[in-house]
Amino acid sequence: MHNLLKQTMNYNRILLKLSGEALMGDRQYGIDPKRLSEYAKEIKQVVAKGIEVAIVIGGGNIFRGVAGAANGMDRVQGDHMGMLATCINGLALQSALEDEGVNTRLQTALEIKEIAEPYIKRRAIRHLEKGRVVIFGAGTGNPYFTTDTAAVLRAIEVNADAILKGTRVNGIYNVDPEKDANAVKYETITFKNIIEKGLKVMDMTAFTLSEENKLPIIVFDMNTNGNLLKLISGEKIGTIVNN
Ligand code: GTP
């Protein structure tokens, strides 16, 4: 399947991973309504192309479990707060998408039935088949796991063609492009190569889960308008990681 991706970049179902921090825009914390609405418009364009879209969003703009632990808070407690933060972002994104007329469902790994559906794999797939954007909240529902791991897990579960990891950098470079002007971007790179070169794409749990299940990861700049649509239309945007 990834060979097909290399040649034709043909996506039917994608798992879009959005960073919580990106939702801050220029703010110090919380949600920037302008950025949120830009994201919703970008996603709408992709849905309009008939692509099935599932989304996992982080919560770092509101709370980070690791940061809480660093300040003396119990790690599990912190991670639970982080999971709730992803639900807040999920609700915000759902609302922004609905403002754009996009049908959505929010499913959460922790039950908060009054505000979202509980995560049920078969139901999530059915929603996707009906053209609804499914947002997965509360990460994996377990402490010590990142939302990147949740993104890989859900992508595998719903049989997505790839994870599109939206970042503020337009791909993977041999050295940090924000520190070195001579940094070179990879168009494609293997999981093995990334490990050998010591590059960081996701945490190791997420990364190995993706590698073991042959799930390609595309790292791209989500903050440039039109990039998401270009990517799914086959333009060489970002870096493709595969086996
Ligand atoms: P189809 O049966 O495929 O049409 O899907 P559906 O999601 O429209 O069906 P359903 O009648 O189950 O859901 C109608 C609405 O209720 C949707 O907006 C769901 O997101 C919402 N919903 C369903 N289950 C729950 C739940 O457990 N909690 C919350 N808060 N909303 C739910």
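First listed ligand is number 1; within each ligand, the first listed atom is number 1. Nothing here was measured: the structure is a model prediction, and the numbers come from that model.
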Mind listing the side-chain donor-acceptor pairs of residues 165-176 below 3.5 Å, one per line with the distance, residues two or more places apart or on another chain?
residue, atom, partner, partner atom, Å
K165, NZ, D148, OD1, 3.3
K165, NZ, D148, OD2, 3.2
T167, OG1, V169, N, 3.2
T167, OG1, V169, O, 2.6
T167, OG1, F220, O, 3.2
R168, NH1, E178, OE2, 3.2
N170, OD1, Y173, OH, 2.7
N174, OD1, V184, N, 2.7
D176, OD1, E178, N, 2.9

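In terms of protein heavy atoms, atom 5 (O) of ligand 1 is closest to R132 NH1, 3.1 Å. In this structure, atom 7 (O) of ligand 1 lies nearest to the protein heavy atom R105 NE, 2.8 Å. The shortest contact between atom 28 (N) of ligand 1 and any protein heavy atom is with K113 O, 2.5 Å.
One finds the NZ atom of K121 at 12.5 Å from the CD atom of Q107 (value rounded to the nearest 0.5 Å). Interatomic distance, CD1 of I31 versus OH of Y39, reported as 12.0 Å (0.5 Å rounding). Rounded to the nearest 0.5 angstrom, K185 NZ and T239 OG1 are separated by 5.5 Å.
Counting heavy atoms closer than 4.0 Å to ligand 1, residue E117 contributes atoms from both its backbone and its side chain. In L106, neither the side chain nor the backbone holds a heavy atom less than 4.0 Å from any atom of ligand 1.
Residue R123 has at least one nitrogen or oxygen atom sitting less than 3.5 Å from a nitrogen or oxygen atom of ligand 1, judged on distance alone.
The shortest heavy-atom distance from K130 to ligand 1 is under 4.0 Å.
Put simply, atom 14 (C) of ligand 1 has no protein non-hydrogen atoms near it, under 4.0 Å away. When distances from atom 20 (O) of ligand 1 to the protein are checked, a heavy atom turns up under 4.0 Å.
Side-chain contact between K41 and E100 is present, with at least one heavy-atom pair separated by less than 4.5 Å. The side-chain heavy atoms of I163 and V152, taken from C-beta on, include a pair separated by under 4.5 Å.
Paired with L18 under the rule side-chain contact (heavy atoms from CB on, under 4.5 Å), one option of L93, L23, V56 passes, and it is L93.
Counting atoms of ligand 1 from 1 in the listed order, those under 4.0 Å from a heavy atom of P118 are 27 (O). Ligand 1 places these atoms under 4.0 Å from at least one heavy atom of E114: 30 (N).
Under 4.0 Å is where a charged nitrogen must lie from a carboxylate oxygen, and between R154 and E157 at least one such pair does.
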